[in-house]
Structure formats: C-alpha cells, structure tokens
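Letters A, B, ... mirror the listed sequences (proteins, then strands); counts begin at 1.
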Amino acid sequence: MTNAPEAVFRDALTRAIESAWDLAPTEIPLTYPPNAELGDLASPVCFELARTLKRSPREIAAAIADAFRAGDGIERVEVAGAGYLNAFLDRDVFLREKLSGATAPAAPDARKIIVEHTNINPNKAAHIGHLRNAVLGDTLVRFLRRIGRDVEVQNYIDDTGVQVADLVVGFQQIRGEGLAQILERYSEEALRERGQRFDYLAWDLYAEVTQWYADDDARLTHRAACLEAMERGDNETAEIAAHVSRRMVQHHLETMDRIGARYDVLPRESDILRLDFWKHAFERLKSSSAIHLTERGKNAGCWVMDLADAEAGAGEDQKVIVRSNGTVTYVGKDIAYQMWKFGLLGKDFHYDAFDWSPRRELYSLWSTCSDGRDENPRSFGGATRVYNVIDTRQSYLQRVVQQGLRSLGHDAQADRSIHYAYEMVALTPAAVAAMFPDHPLSEEDRGRAYLEMSGRKGLGVKADDLLDTLIERARSEIAKRNPELDASEIDEMARRIAVGAVRYYMLRYTRNRVVAFDLDAALAFEGETGPYLQYSVVRARNILGKVEQAFGPESVAAGELGRDVSLAALPPGTVAEHWNLVLQFLRVDAVVAQAVETLELSTVAKHAYTLAQAFNSFYHRYRVAQEENASIRRARTAIVRLYHDGMLELLELLGIEVPTRM
RNA sequence: GGGCCUGUAGCUCAGUUGGAUAGAGCAGCGCUCUCCUAAAGCGCGGGUCGGGGGUUCGACUCCCUCCAGGCUCACCA
C-alpha cells in the first residue's frame with residue numbers, strides 16, 4: 001500500500017538529500033507546480049539548502065536528482081526553474097489504489113475533542129448569522145472525525161440571560177399572559193391553526209419589547225425583576241422562562257437539522273447555576289487569587305479579574321466577574337463551563353433525554369439537568385481540546401475566559417481552548433431596503449458596504465425563510481427540467497439542492513471576511529455554488545449508468561477497474577487532463593488536514609469546486625459510454641467512477657448531499 | 001485612544017508556511033444542445049495587488065509607516 005503522495009515524496013527526498021549531501025534536512029517544504037507538465041509535486045527545498053551549502057540551488061538540485069531512486073509510486077524527479085525539484089508520480093499505481101480503496105484510513109485518536117457551536121439565545125428564531133456559525137461548526141466536526149478524532153458536539157443554551165428575560169417580560173407585561181395562557185394560546189395546535197410558529201412570534205415580540213423599553217426607561221425594572229425571579233426559581237416567571245426557552249431550542253434544533261447539523265448534548269446555563277458549578281469555580285478563582293474584591297472606584301463591591309496588558313483597553317484593566325449585587329456575569333459562568341469541558345471542575349451535570357414535546361422528536365439527544373435522574377450511557381465533558389465556534393465580536397471575552405484558566409494554573413488547557421473566530425454575517429443596504437421597507441436608512445447607512453443585523457430591532461433574515469425560498473426555487477428549476485417527476489420526488493431533491501446552496505455559500509468565504517448577505521448570490525444555483533458541485537456528480541452518475549447499461553455491472557465497478565486500468569491506453573495528448581482529476585483527489589487529505597490546522601474550512605470547499613470545474617471540462621471534451629475503443633473507454637470510466645465516488649465523499653464532508661437527478 | 005480584522009478585475013471573492021506567467025464566479029459581448037441533462041462548456045475584454053519605504057536571489061504574501069473602512073474595549077451576552 002502506498003501512502004499519500006506528499007509523504008512518499010518527502011521520504012524519498014530525505015533519502016536522496018542524505019546520500020547526495022550527507023545531511024539530514026529537518027523539514028522538506030512542498031508545493032504544487034503551476035502546471036501539470038512540470039510535475040505532480042514540487043519542492044523548493046534547494047533554495048533553503050543553498051544558504052547552508054553555499055552552492056547554487058540548481059547545482060544542489062541536480063545532485064539530489066542524480067541520487068534519487070525511483071520507486072514507491074514516484075516515477076522520476078526533474079530539476080526545473082531556478083532549482084525546483086519536481087516529482088512525477090506513477091500514475092497507474094495511484095489511480096488503481098484509489099479505485100481499490102486501498103488508501104490508509106486516518107489513524108484513530110481516542111482523546112476527546114469538544115466542539116461547541118450554534119449557541120443561539122433561546123428567545124427568537126435562528127437567522128443567517130446563526131446559520132454561518134452552525135455550518136462552520138458542523139463542518140469542523142466532520143473534518144475532525146474524518147482525520148480520526150473523537151468529537152463531542154455541544155450546543156450551549158443560555159436560558160437564564162437577559163434576552164430570555166426580555167421575551168418573558170413581553171409575554172407577561174405587554175401581552176398580559178401567564179403560564180396558563182401561554183400553554184393554551186401557543187400550543188402547537190393553536191399555532192398551526194393560526195398559521196404561526198413560536199420562534200417567529202418570539203422574533204416579533206422581542207423587537208416589540210425593545211421598543212417598549214425605549215418608550216419608557218422605567219419599564220426596565222420589569223427586566224430586573226424578571227431576572228431576579230428566574231434566578232430565584234420556584235415561581236411562575238421562572239417556569240415561563242424555562243418553557244419558552246425549551247420551545248425555542250426545539251425550533252433551533254429543527255432548523256439546524258434541516259441543514260444536517262446535530263448535537264450530542266445541550267449544556268444549560270441554568271444547570272450551571274443550580275448545580276453550583278459557579279460557586280465551585282468561584283472558590284478556586286478566589287483561592288488562587290485569580291480574582292479579587294475591589295473596594296473603591298467604579299468597580300467597588302465587585303469581584304474582578306486583572307487583565308494582562310494585551311487585553312487591557314484604554315480605560316479598562318479589569319473585568320468584572322461578580323457584580324456588586326453578588327450575581328455572576330456571563331464570563332464567570334463561562335469560566336466554570338470551560339473548566340467542566342476539560343474535566344477540571346471536579347463536578348458533573350446530571351443528564352436527561354431532551355424533551356422534544358410537543359414537537360416531534362428528530363433524534364435522541366441529551367440535555368443537562370439539575371436533579372439526579374441519570375440514565376445517560378456515556379459521559380460528557382472531560383476533553384483534551386476544545387473548539388468554541390463564536391463570532392469575532394466575542395474575541396475579547398474569549399480571551400478573558402482563557403486567562404481565567406491560565407490564572408488557575410491550567411496553561412495547557414488554556415492553550416487547547418481554541419476560539420474558532422469568524423466574522424459576522426451582515427446585510428447589504430440594498431437587502432435591508434428590499435426586505436425592510438419600514439426600516440429607516442440614513443444617507444450614511446446607504447453608503448456603507450453592509451449593516452449589522454439586530455435581533456433587538458428584528459432586523460435580519462430568518463434561516464428558515466432563506467431555506468424555504470431556496471427550496472421553492474429549486475423545486476421550480478427541477479420541474480422545468482424534469483416535467484415527468486411528481487411533487488413528492490421533487491421534494492427531496494429540492495431540499496438537497498437548497499441545503500447544498502446554503503452550506504456552500506456559508507463555506508466559500510474565508511472566516512475573517514464579513515459576509516455581506518446578498519440575496520441573489522445566496523439564491524444562485526449557477527457558477528461557484530453548491531448545486532454546481534452536485535450537478536457534476538449527477539452527470540458522473542448518468543455516465544456510469546449509460547456504461548453499465550451497455551457493458552454490464554462489472555464495467556463500472558471500482559474494484560474491477562482498479563485491478564488493471566491504465567491511463568497509458570489514452571491518446572497521449574489527453575492523459576494529463578485525465579490524470580489531473582486523480583491527482584486532485586489524492587490531495588484531499590492534505591487539504592483537509594491543513595483546513596483543520598488553520599481553521600480555514602473554505603479551502604476544502606474551494607478544492608471541491610476546482611475539481612468540479614475540471615470534471616465539467618472533461619465531460620464536455622470526452623465521450624465515455626460512446627467511446628468505441630474498449631481500453632480508452634475503460635480508462636475514462638475509471639476516471640468517472642473515481643470522480644463520482646470521490647466527490648460524493650468530499651461533499652459529505654461539507655455536509656452536502658447529492659440529489660439523484662437535477 | 002488600545003486590541004483585532006479588511007483593502008487584489010466594473011461587482012463579489014481566491015491566492016496555502018515568501019517561489020515559477022496574479023486566478024475564479026457574477027455582470028458584459030460572441031459562440032456551443034439530432035450528442036453521457038446547457039444548473040454546463042469555450043472564447044474576448046478587463047489589474048499602479050490601498051499609498052510609500054524596507055528586508056532578499058525572489059514580496060499580493062514578511063517588517064515599518066501612512067490612508068480608508070469595519071468589529072471590539074459594560075456590574076448585556
């Protein structure tokens with residue numbers, strides 16, 4: 001069995017350098033030649049060796065090339081340019097192994113990794129910003145699992161915060177509704193009859209509450225009273241908060257399930273408080289002097305953390321952890337939560353199956369709880385590495401949490417507590433004007449590249465609305481092309497296309513770029529889009545179908561083709577284009593590994609797109625099923641089989657399913 | 001003011017740890033469906049890589065500086 005071409009080339013070069021120059025290079029840099037004629041892999045290592053050896057790069061390269069021995073899938077090495085060493089792989093060897101599925105699987109690594117993502121405040125419907133978070137988080141999970149890691153997915157529920165309180169105030173004070181009325185008027189049945197849904201209703205009510213406060217500052221006392229009642233517990237207000245946030249989480253889970261994102265456990269902030277996680281962490285923080293009580297100044301009466309120079313803003317060199325009224329801030333709770341994730345707290349949650357009622361259960365899922373009914377067969381938390389998928393606006397707070405771990409002496413865990421930061425999704429002024437005609441836009445606003453969304457103002461595109469619109473458009477496109485299909489067949493295809501479009505849209509941008517949501521670009525099915533990728537697989541499938549129909553099942557079986565297929569059968573001028581498709585698939589593992597390393601997932605999406613472009617070009621240039629020369633047809637069929645299986649797998653990594661037809 | 005991010009084609013964006021002629025999509029114009037579905041392909045036009053210094057064999061990439069824009073620096077999260 002041959003390893004990945006990169007590893008093979010590195011090993012071979014190391015041996016050649018040792019025998020030619022009698023030195024052991026520490027690291028062999030690799031790159032890819034700008035075009036296929038120059039080779040499959042390249043190394044600029046001679047430019048570095050030139051410094052120490054005091055010879056010209058070309059001279060060094062020539063000696064290494066002389067000492068190079070072919071084998072292990074490398075056919076030959078050439079000196080090129082100013083001193084590059086370019087490798088030519090043994091094409092048939094790699095093609096056959098890829099088809100036979102003989103490539104080595106990732107070595108499993110049992111050390112647990114926690115990925116926390118989604119984390120939507122349970123007081124309103126999910127919007128496209130949450131969609132970006134979930135797509136990035138879920139895709140990271142898929143990549144990590146691909147490279148053999150054990151991953152636990154957590155979705156943190158902030159069910160005791162101000163945002164939930166505001167929604168409760170809306171029900172109680174504006175609508176004048178108590179728990180009984182809420183249960184009755186907003187039962188699933190009642191909502192369905194009125195054509196409403198709970199999360200959308202909350203979206204509007206939350207914006208309404210914000211305005212209600214703005215109209216009269218005195219009304220803010222309701223917020224404070226609500227928060228106090230929620231924290232005290234055992235009262236109707238707290239019950240409403242619990243009910244409302246649970247209903248909201250159900251909707252979020254359904255929305256995310258539509259795009260293929262699922263979770264293992266939902267840690268709830270209320271349980272962090274009720275189980276005294278915070279009290280525990282507080283004692284540790286106090287006894288290690290990580291925080292201290294201030295007696296004078298603006299933070300008098302608060303427990304604060306002194307910030308390292310790098311974190312200190314112009315006016316602030318302290319972060320309040322416990323307020324003067326004795327309640328803990330979000331950062332404090334998050335420090336306790338982070339400690340638990342690493343198994344450093346010495347306490348654990350209780351767990352219970354998540355209560356999906358009254359909506360339907362989508363999958364079995366655990367939620368934390370505060371009482372002792374433990375039935376979970378597995379343990380949560382206690383990871384060696386943690387990724388927190390949170391947008392870049394929270395970078396400062398994430399650094400404070402990290403510093404908290406550090407000042408408790410957990411430097412190693414702080415280093416492995418990784419803030420996966422990405423930029424927000426915003427709206428273009430044109431999109432705001434189109435979708436929110438009542439929203440006032442100043443001259444300045446119109447001139448901006450983008451405007452932030454605002455849950456408080458109800459300014460944002462709901463995730464489900466976007467998905468519904470995409471599905472509608474996909475449906476009509478499918479119907480146009482396949483008039484014989486009935487509606488039920490079209491549904492599943494449209495769903496896959498919509499998900500493909502939205503996931504690719506969220507993945508195509510590098511993470512530190514603000515996505516200025518553009519409706520036309522998000523709804524596009526042509527060009528650099530998810531459907532473009534899906535369509536290429538459908539085409540490959542159609543070709544395989546034709547070949548199978550004419551020449552039997554064995555003619556398209558990967559294992560059969562992998563036995564003895566050879567690109568040498570192809571007309572010489574056309575080999576490079578066929579081989580390029582194989583080569584791009586050989587690079588997938590390296591691309592995924594690098595994406596995890598840099599947390600730049602867009603490179604994998606981009607790689608898939610480049611592959612699809614190459615395949616579409618191949619599709620137009622060469623016939624497969626109609627090719628009369630049997631060995632040429634066989635070689636082309638092998639390429640199509642490789643593409644079909646490989647792209648299906650690659651898209652699965654991106655969370656994109658392929659429709660049977662398009 | 002401090003920290004972080006961004007500035008590349010008309011528009012939206014790629015450009016992997018410095019490396020070979022700076023790429024793609026959209027928009028525009030012109031072609032290609034009796035063919036394995038045209039959600040596609042081919043061609044054309046289009047660039048002071050924000051400005052200015054510096055580092056070196058070599059800079060879109062690294063360093064300094066300036067300009068422009070964004071996010072953030074709560075007893076909200």
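Side-chain proximity of A42(A) to A20(B), A77(B), G70(B): nearest is A20(B). The side chain of S617(A) sits closest to C42(B) out of A40(B), C42(B), A20(B). The side chain of T510(A) sits closest to A14(B) out of G70(B), A14(B), A20(B). Nearest to the side chain of R513(A), among G15(B), U6(B), G41(B), sits U6(B). For V320(A), counting side-chain heavy atoms from C-beta on, the closest listed nucleotide (C13(B), C75(B), C71(B)) is C75(B).
Here, A77(B) and C67(B) have their C1' atoms 35 Å apart, quoted to the whole Å. G18(B) and C62(B) have their P atoms separated by 8 Å, given to the nearest Å. With P as the reference atom, A9(B) and G51(B) are 11 Å apart, rounded to whole Å. Comparing the P positions of C33(B) and G15(B) gives a spacing of 38 Å, expressed to the nearest Å. G50(B) and C60(B): their P atoms are spaced 10 Å apart (whole Å).
Using modelled atom types, one finds no donor on one side chain facing an acceptor on the other under 3.5 Å when comparing D334(A) with Y156(A). Side chain to side chain, Y330(A) and D158(A) fail the donor-acceptor criterion of an N or O pair below 3.5 Å. Side-chain polar atoms of S536(A) and Y619(A) form no donor-acceptor pair below 3.5 angstrom.
Of all nucleotides present, only G25(B) satisfies the Watson-Crick or G-U wobble test against C11(B), with each distance under 3.5 Å. For G1(B), the paired nucleotide is C73(B), the pair qualifying as Watson-Crick or G-U wobble because both relevant distances are below 3.5 Å. When Watson-Crick and G-U wobble pairs are counted only if both distances are under 3.5 Å, A59(B) pairs with no nucleotide at all. For U48(B), there is no paired base (Watson-Crick or G-U wobble, both distances below 3.5 Å).
In this structure, Y619(A) reaches the bases: a heavy-atom distance under 4.0 Å links it to at least one base atom across the strands shown. As judged by a 4.0 angstrom heavy-atom cut-off over every strand, V547(A) is placed among residues making no nucleic acid contact. Note on L544(A): nothing from the nucleic acid sits closer than 4.0 angstrom, heavy atoms only.
When the nearest nucleotides of RNA chain B are assigned to T660(A) and V328(A) by heavy-atom distance, the more 5′-ward of the two goes with T660(A). Toward the 5′ end of RNA chain B lies the nearest nucleotide of R661(A), the other residue of the pair R661(A) and C302(A) mapping further downstream.
Look at CD on Q534(A): it is 18 Å from P on U37(B), rounded to the nearest Å. To the nearest angstrom, P of C71(B) lies 16 Å from CG of N512(A). The CZ-P distance, from R58(A) to G58(B), rounds to 19 Å in whole Å.
Y422(A) does not carry R132(A) over the face of its six-membered ring by the limits of under 6.0 Å from the centre and within 45° of the normal. Both tests do not hold together for R539(A) against F615(A): distance to the six-membered ring centre under 6.0 Å, angle to the ring axis within 45°.
At A39(B), one or more side-chain N or O atoms of R481(A) fall inside 4.0 Å of OP1 or OP2 (strictly under the cut-off).
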